[in-house]
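Here's the structure, in structure tokens; my notes come after.
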Amino acid sequence: MTAYSQDRMDSDRRVLELLSQNFGNISAAATEIINLEAILNLPKGTEHFIADIHGESEAFRHILKNASGNIKRKVNEIFSTSLREDDIRQLCSLIYYPERKLALLRTTEKDLENFYQITLHQLIKVLQAVSSKYSRSKVRKSLPAEFAYIIEELLHESPSEDNKQPYYNRIIESIISTGQAEEFIRAISHVIQHLSIDQLHLLGDIFDRGDGAHLVLDTLLSYRDFDIQWGNHDVLWMGASCGNEACIANVLRISLRYGNMTTLEDGYGINLVPLATFAMETYGDDPCEVFMPKDTRDDEPLSDKNRRLIAKMHKAIAIIQFKLEGAMIGRHPEWGMDNRRLLHLIDLQKGNITLEGKTYPLTDTNLPTIDTADPYRLTAEESALMDKLIHSFTVSDKLKRHIGIFFSHGSLFAVHNSNLLFHASMPLNEDGTLKEVCVEGKPYKGMELLQQIELLMRSAVNSDTPPLERKNAVDYYLYAWCGPDSPLFDKARMTTFERYFIADKETHHEEKGWYYHLRDDEKICDMILDAFNVIGEHRHIINGHVPVKVGSGENPVKANGKLMVIDGGFSKAYHDTTGIAGYTLVYHSRGFELVQHEPFTSADEAVRNGTDIISINRLVELSSHRMRVRDTDRGRELLGQIEELRELLYAYRRGLVKERK
């Protein structure tokens, strides 16, 4: 037993007294030590990393249900010699969508009792396999309360053992005879899903483009262990929820650009009627061709009438956005974004604009709400419209609840098991050193920079923040979205205006920060990892944000394996660019595996025909030994708890802390 000095025992006594409230005697403390030591030797749980979901809720939920293909691989391992391929597909489909699959089977299956008998035995085998790396206690916590005892009995008994075979079989028979078979199938299927992913890491950009961001967040509300690293599209919505009028205009513009009003209207109850009315009154005869929405939906393409209305709304909010951004940038000269104030450079009489000494014709000159004498001022009608829109965003209870997830489970960066996670970039100088960026007038770099930005953004929602400070914090969300040195953007400029109004594509270029040019260098990645105190023999940076053009031969694994960029294009809008439909990075006990997904058809197709997301697995890094819990952050926490419990044992045995009955 380790010897402890009297001084140390005195200083630790208060901690030990608190600890003794949970472990009141020698027996309790020793039992917990034994339990924790055993857990340390279990295989490491499986972590899944997903980036840039962009509202593709159906594909996201399917990946959670199939654990990025891990469930099917497990089913194949168990039944490859006893089931046909079609039977394996149907069993997997049942595990992913038990409610819908059972409803279908009730209309097609001739002998339901026999089906239940076979299926329950199969599901128990799968559950035994996926739960084998966890302690009984953890598995028990995942079981539904109403069936926990019976499922646990089935899990830990074998139907082939002579002494217990009648016992085991009778449980299955009784489940069926009491009419509980379908409830059991549903319950076991959900437990298999939950235990197949131990920790979920979302590397930002849940919002925009696709129409199901609110459904993704509904799913997360009922999920267990997950964390979010804020993406630029997420902070845009966070700013909108806080009442940042420029962020609200950006959110609306992007939603209209992709013909996606579902998240706004159905998800959060944002009233778009005032915007539609204003747009029709202001641009009624304007074809708004530049502002026609991109329609990526295959099931219900927009009608011509809706496309024309959305184009008018799109143009109306875009002009309002440029006004609001110009005014806000003018209030914050410290942002260094004056080159994004462009409206005063327009010559409406000549129909052109002069940028950096060069004059360009405008693609659209019907700008009736712009006053050349005061171009950043909203008209009375625009101001009244924005008041209504701000009210809609700030009073939406569901939006507040969903944005609350980003604050309770999210951050700008995180370190998990020697992996540094952040969405986009790390501001760097040309020589590869960390760049100093001013936040509230003070220079910061590296980890301290991200910490200060996060503190500022959190202060926008803290009730004890003074009003002026809160106003500045709310404004900062616009800089976080598109500021040149924002780690969520890190480009010289966001050329939104140019993309709408100037045909010359040279003006559309957004010069990326030095991180994007230097991140292939292993030494640069090591320097960043050192700056964030990331330790470990195998350490990595994991990003999203920039779609990897797999179809063009781009490799998502960079810097000799030190950096992994896992934005593979979940959004349908990116499928042509990337050539795939997203990545999942899987970190299990044997190493890293990159799962490359093909486009998902639909949940209906998966239920009817057993189709799945076609995934290609690529081994990124193989560990020299199977990782155990003791090799993880959780393991280090448990070792600390064990040390404290050993101190408590020492104190009990020497009478320094009294045992409780």
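Side chains are part of it too, since the values below use all heavy atoms of this structure and drop only hydrogens, waters and symmetry mates.
A donor-acceptor pair is defined here as one N or O able to donate and one able to accept, closer than 3.5 Å; no such pair exists between the side chain of Asp227 and the backbone of Ala414. Arg224 places a side-chain N or O within donor-acceptor distance of the main-chain N or O of His194, the cut-off being under 3.5 Å. Side-chain N or O atoms of Ser383 include none that pairs as donor or acceptor with a backbone N or O of Thr379 at under 3.5 Å. A distance-only check finds a donor-acceptor pair linking the side chain of His54 to the backbone of Phe207 [under 3.5 Å]. Side chain of Tyr376 to main chain of Leu324: no donor-acceptor pair is present (N/O by atom type, distance under 3.5 Å, no hydrogens or angles).
With values rounded to the nearest 0.5 angstrom, Gln90 atom CD is found 8.5 Å from Leu104 atom CG. The distance from the OG atom of Ser142 to the CD1 atom of Ile192 is 12.0 Å, given to the nearest 0.5 Å. Atom OG of Ser196 is separated from atom CD1 of Ile71 by 3.5 Å, given to the nearest 0.5 angstrom. Summarising the geometry, atom CG belonging to Leu215 is positioned 9.0 Å from atom OG1 belonging to Thr262; distances are rounded to the nearest 0.5 Å.
Looking only at side-chain heavy atoms (C-beta outward), Pro556 and Met564 stay at 4.5 Å or farther from each other. Contact annotation: the side chain of Ile63 approaches that of Thr584 to within less than 4.5 Å [non-hydrogen atoms, C-beta and beyond]. Ile270 places none of its side-chain heavy atoms less than 4.5 Å from the side chain of Glu265. With contacts defined as side-chain heavy-atom distances shorter than 4.5 Å, the pair Leu64/Thr219 qualifies. Side-chain contact between Thr263 and Trp237 is present, with at least one heavy-atom pair separated by less than 4.5 Å.
Applying the side chain to side chain contact (heavy atoms under 4.5 Å, CB included) test between Ser131 and each of Ile151, Leu143, Val139, Val126 identifies Val139 as the sole match. The residue from Gln321, Glu245, His233 that alone fulfils the side-chain hydrogen bond (donor to acceptor under 3.5 Å, both in side chains) condition with Asn250 is Gln321.
Scanning both residues, Leu123 and Ile95, for their nearest heavy atoms gives CD2-CG1, 3.6 Å. Scanning both residues, Arg470 and Thr465, for their nearest heavy atoms gives N-CG2, 3.5 Å. Closest approach of Ala316 to Leu275, counting heavy atoms only: CB-CD1, 4.2 Å. Listed here is the closest heavy atom pair of Ala249 and Ile317: O-CG1, 3.8 Å. Residues Tyr477 and Val235 come closest through the heavy atom pair CD2-O, 3.3 Å. Scanning all heavy atoms of the two residues, the minimum distance from Val191 to Pro144 falls at CG2-CD, 3.8 Å.
Taking 4.0 Å as the cut-off between side-chain N and carboxylate O, Glu289 and Arg308 do not count as a salt-bridged pair. No salt bridge links Glu56 with Arg209; every basic N to acidic carboxylate O contact stays at or beyond 4.0 Å. By the 4.0 Å N-to-carboxylate-O rule, Glu510 lies too far from Arg493 to be salt-bridged with it. Between Asp490 and Lys512 there is no salt bridge, since none of the side-chain N atoms of the basic residue sits less than 4.0 Å from a carboxylate O of the acidic one. Looking at Asp475 and Arg331, a side-chain N of the basic residue comes within less than 4.0 Å of a carboxylate O on the acidic one, giving a salt bridge.
Neither side chain, Gln193 nor Asn66, offers a donor N or O lying under 3.5 Å from an acceptor on the other.
Note: His402 and Tyr268 meet the aromatic proximity criterion, with ring centroids under 6.0 Å apart. Residues Phe413 and His423 keep their aromatic ring centres 6.0 Å or farther apart. For His62 and Tyr96, the ring centers sit closer than 6.0 Å to each other. Aromatic ring centres of His416 and His201 lie closer together than 6.0 Å.
Between His540 and Phe592, the two ring planes are perpendicular [angle over 60°; tilted spans 30° to 60°]. By the 30° and 60° cut-offs, the orientation of the rings of Phe422 relative to Phe532 is parallel.
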Residue pair Tyr500, His314: steps toward the side-chain hydrogen bond (donor to acceptor under 3.5 Å, both in side chains) verdict: CA-CA 11 Å; Tyr500 284 120; His314 185 184; 2.6 Å; yes

side-chain hydrogen bond (donor to acceptor under 3.5 Å, both in side chains) assessment of Thr369 paired with Glu382: CA-CA 9 Å; Thr369 67; Glu382 288 173 326; 3.0 Å; yes

Worked check of side chain to side chain contact (heavy atoms under 4.5 Å, CB included) between Ile228 and Leu220: CA-CA 10 Å; Ile228 304 172; Leu220 292 178; 4.3 Å; yes

Chi angles and distances behind the side-chain hydrogen bond (donor to acceptor under 3.5 Å, both in side chains) call for His48, Ser68: CA-CA 8 Å; His48 285 232; Ser68 301; 3.2 Å; yes

Verdict with supporting geometry, Tyr516 and Asn543, side-chain hydrogen bond (donor to acceptor under 3.5 Å, both in side chains): CA-CA 11 Å; Tyr516 300 109; Asn543 292 160; over 6 Å; no

Residue pair Tyr476, Trp481: steps toward the ring pair (Phe, Tyr, Trp, His ring centres under 6.0 Å) verdict: CA-CA 9 Å; Tyr476 191 83; Trp481 158 245; over 10 Å; no

Ring pair (Phe, Tyr, Trp, His ring centres under 6.0 Å) evaluation trace for Tyr479 with His332: CA-CA 10 Å; Tyr479 185 87; His332 293 279; 9.4 Å; no

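Few gaps surround NZ on Lys398; more than 12 heavy atoms of other groups in view lie less than 6.0 Å from it. Atom NE2 of His391 sits in a sparse spot, with 12 or fewer heavy atoms from other residues, nucleotides or ligands closer than 6.0 Å.
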